[in-house]
Amino acid sequence: NPAILLRIENEYDWAELVDYMPIPFQYSNNYYTRQPDPPRPPDPADVALDTADPARFGRNALQFLGKQSDSDFDGHGITVAILDTGVSTHRTMPDTHITQIDLVDQSANATGDNYGHGTAVASIIAGSSESVTGVAPKVDLLSVRVLQNDGTGDVFTLAEGIFTAVERGADIINLSLGTYGDVRYLQAAVDYAVESGVIIVASTGNDGLVGVTFPARYAGVVAVTGIDALERRPTYANTGDDVDIAAPAVGVVAAWTGKEDPIVSFGGTSAAVPFVVGALAGVLSDNPNLSGEEAVETVMTFSNDAGSPDWDEEYGNGILNIGRIQDRNERGIYDAAVAGHYVEPVFNENDSVALIVAVENRGTETIGFAEVKTVIDGVPEYVPFSDIAPGETKSIQFAISREHLEESPEITVTSTVTITDVDDQNARNNGKTSVIVYQTPPEIE
């Protein structure tokens, strides 16, 4: 259905016009949309000390994600649309083909990105230099400018940008932006893209709220939150029922615009989105017969469990792991990992809180026997496991009493998993230490 954008100066005249419109129609407000606000400094009163001082990735994000050199996992033949402030040519993307479309200033020739945000996003996907190496450096980029130079825009233009990207042949749409306004025509644009087989990936927002921004909140959109280099969700990253996956979002090296094409430290959920987009482009280029939906399922299935076991509202399905995606069809990989430590937020009927240790099989073979050693404030516990299937997460639960918390609210937990019958091929993820400063939780209802 056609849509038009009107600027109304007198709401009473508009109400009268609506009453006399000759044909059925629907209307709604045009909300602002924007790039996520820059991450705020952490609150010293954060419940978890782990999130109080986020650790930067620097140039190590791809190493953290386990990406291996693979000539087919490079995004060739895939078109990624970046709906943002524009994308400028940059020394970090010397061979990348960029098609420019400007929906903000349609009277002028599109010249790229005068702000920097869109170029930073693009470099994480398509960078191919020593300074910035992207996840999928051989993608074709379709830059659709929907944000002004201050990083703000409107929902109508965003919806138009989605329709435009689909019509111009995008395989994946990168939306490192969002709004809290839910309007019909934005939902219609998303539905059109999803029905056309186009993958939409969007940021959850940097406001530290429960509830992600639109369009990440819509069904069919991959909603991406952020983590730091120690696999912790920064407190600014929005949470909620719609979170799908987490990716690097703190101190990531990226391109920017300006004098001599600078390199910057980039962060927030804006930075997390292009890592997931690049991974999806790699999956599609490496497996051209997969549908977009199947590519998304692959990325989700081989993410690393984090937070509470299995899906949760902070990490979604887990943390992006490109190495597991690339190795998923290779037999003979044994890899046990401590996925995380999680403390339930309420006292139970036994006047204690549950500390959960999650152990995940990140290999491609069933782990016959393993042992987990967990040390809580200096006291060790040993728990054996058997028959852990590939991708399966098993958990151990410890009770931390109210008395313990009142005497020592700072809990130090160290867990180590050991495969006892074969060699573990990735010992780097066998252990994890967490220091959790716990405030008095509420009673169970």
Side-chain angles (χ1 to χ4, degrees), residues 3-7 28-37 79-88 98-126 139-194 196 198-206 212-218 221-224 256-257 268-271 273-274 277:
I4 59 173
L5 178 64
L6 299 175
R7 183 182 299 275
S28 63
N29 293 326
N30 184 29
Y31 295 97
Y32 280 108
T33 186
R34 57 181 171 83
Q35 65 180 56
D37 286 336
T79 298
V80 173
I82 298 177
L83 277 58
D84 213 289
T85 56
V87 176
S88 293
I98 305 173
T99 300
Q100 305 276 5
I101 299 174
D102 192 337
L103 299 182
V104 175
D105 185 8
Q106 299 184 22
S107 64
N109 292 325
T111 57
D113 179 8
N114 294 320
Y115 180 60
H117 188 268
T119 301
V121 168
S123 70
I124 292 173
I125 300 170
V139 298
D140 293 322
L141 295 182
L142 173 63
S143 170
V144 184
R145 186 177 177 225
V146 297
L147 299 179
Q148 302 177 71
N149 289 341
D150 62 356
T152 64
D154 64 86
V155 175
F156 187 90
T157 304
L158 172 58
E160 182 184 5
I162 294 172
F163 278 111
T164 300
V166 175
E167 293 301 309
R168 293 296 294 267
D171 299 294
I172 310 170
I173 298 175
N174 187 113
L175 299 177
S176 293
L177 48 76
T179 178
Y180 289 100
D182 177 16
V183 293
R184 179 182 177 277
Y185 51 85
L186 181 58
Q187 173 77 78
V190 168
D191 290 345
Y192 175 66
V194 173
S196 300
V198 179
I199 304 170
I200 300 183
V201 188
S203 55
T204 60
N206 294 345
V212 307
T213 54
F214 296 97
R217 199 182 298 192
Y218 291 133
V221 177
V222 179
V224 183
W256 204 257
T257 57
T269 56
S270 283
V273 172
V277 167

Peer 1: May I have the step-by-step check of side-chain contact (heavy atoms from CB on, under 4.5 Å) for Leu142 and Ile101, ending in yes or no?
Peer 2: CA-CA 8 Å; Leu142 173 63; Ile101 299 174; 3.7 Å; yes
Peer 1: Are any side-chain N or O atoms of Asn206 and backbone N or O atoms of Thr269, one a donor and one an acceptor, separated by less than 3.5 Å?
Peer 2: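 Yes; judged by distance alone, with no hydrogens or angles, the pair exists.
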Peer 1: Restricting to non-hydrogen atoms, name the atom on Ile200 and the atom on Ala193 that form the minimum distance, rounded to 0.1 Å.
Peer 2: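 It is CD1-CB, 3.6 Å.
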Peer 1: Would you indicate whether the side-chain heavy atoms of Arg217 and Phe214 approach each other to under 4.5 Å?
Peer 2: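 A side-chain contact exists here, since the closest heavy-atom pair is under 4.5 Å.
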Peer 1: Find the distance between CG (Leu147) and CG (Leu158) and round it off to the nearest 0.5 Å.
Peer 2: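 Answer for the CG-CG pair, Leu147 versus Leu158, is 8.0 Å.
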Peer 1: Any heavy-atom pair between the side chains of Leu175 and Val221 that's under 4.5 Å?
Peer 2: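 No, every pair of side-chain atoms sits at 4.5 Å or beyond.
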Peer 1: What's the separation between atom CD1 in Ile172 and atom CD1 in Ile125, rounded to the nearest 0.5 Å?
Peer 2: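 Here the rounded value is 8.0 Å.
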Peer 1: Does the Ser196 side chain pair with the main chain of Val198, one donor and one acceptor, at a distance under 3.5 Å?
Peer 2: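 Flag not set: sc Ser196 to bb Val198 has no pair under 3.5 Å.
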Peer 1: Taking Val273's backbone N and O only, do any of them form a donor-acceptor pair with Ser176's side chain (distance below 3.5 Å, no angle check)?
Peer 2: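 A pair under 3.5 Å: no.
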Peer 1: Check whether any side-chain heavy atom of Val144 lies under 4.5 Å from a side-chain heavy atom of Leu103, and answer yes or no.
Peer 2: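 The answer is yes; the side chains approach within 4.5 Å.
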Peer 1: Measure across Ile173 and Ala165 and return the closest heavy-atom pair with its distance rounded to 0.1 Å.
Peer 2: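 Scanning both residues, the minimum pair turns out to be CD1-CB, 3.8 Å.
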Peer 1: Tell me the closest heavy-atom pair linking Ser88 and Thr119, and the distance in Å.
Peer 2: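 Closest approach of Ser88 to Thr119: N-OG1, 3.1 Å.
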Peer 1: Which heavy-atom pair separates Gly169 from Thr79 by the least distance, and what is that distance?
Peer 2: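 The answer is O-CB, 3.8 Å.
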Peer 1: Could you walk me through whether Val201 and Asn174 pass the side-chain contact (heavy atoms from CB on, under 4.5 Å) check?
Peer 2: CA-CA 5 Å; Val201 188; Asn174 187 113; 5.8 Å; no
Peer 1: With distance as the sole criterion, is a donor-acceptor pair present between the side chains of Asp191 and Tyr218 under 3.5 Å?
Peer 2: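 Note: Asp191 and Tyr218 side chains miss the donor-acceptor criterion.
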Peer 1: Please examine the side chains of His117 and Leu177, heavy atoms only from C-beta on, and report whether any two atoms are closer than 4.5 Å.
Peer 2: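 A side-chain contact is absent here, since even the closest heavy-atom pair is not under 4.5 Å.
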Peer 1: Not counting sequence neighbours, which residues clear side-chain hydrogen bond (donor to acceptor under 3.5 Å, both in side chains) with Thr85? List them please.
Peer 2: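 Applying side-chain hydrogen bond (donor to acceptor under 3.5 Å, both in side chains) to Thr85 gives Asp113.
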Peer 1: Dump the intermediate steps for side-chain contact (heavy atoms from CB on, under 4.5 Å) on Leu186 and Ile162, then the final yes or no.
Peer 2: CA-CA 9 Å; Leu186 181 58; Ile162 294 172; 4.0 Å; yes
Peer 1: Checking the side chain of Ser143 only, and the main-chain atoms of Val87 only, is there a donor and an acceptor separated by less than 3.5 Å?
Peer 2: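 Looks like yes, one N/O pair under 3.5 Å.
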Peer 1: Give me the atom names and distance for the closest heavy-atom approach of Tyr115 to Trp256.
Peer 2: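 For Tyr115 versus Trp256, the nearest heavy atoms are O-NE1, 3.1 Å.
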Peer 1: Please name the pair of heavy atoms, one in Val121 and one in Pro274, separated by the smallest distance, quoted to 0.1 Å.
Peer 2: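 Heavy atoms of Val121 and Pro274 come nearest at O-CB, 3.5 Å.
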Peer 1: Is there a donor-acceptor pair under 3.5 Å between the side chain of Thr213 and the backbone N or O of Ser203?
Peer 2: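 Looks like yes, one N/O pair under 3.5 Å.
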Peer 1: Hey, which of Asn149, Asp150, Asp154 is the one that makes side-chain hydrogen bond (donor to acceptor under 3.5 Å, both in side chains) with Thr152?
Peer 2: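 Filter result, single survivor: Asp150.
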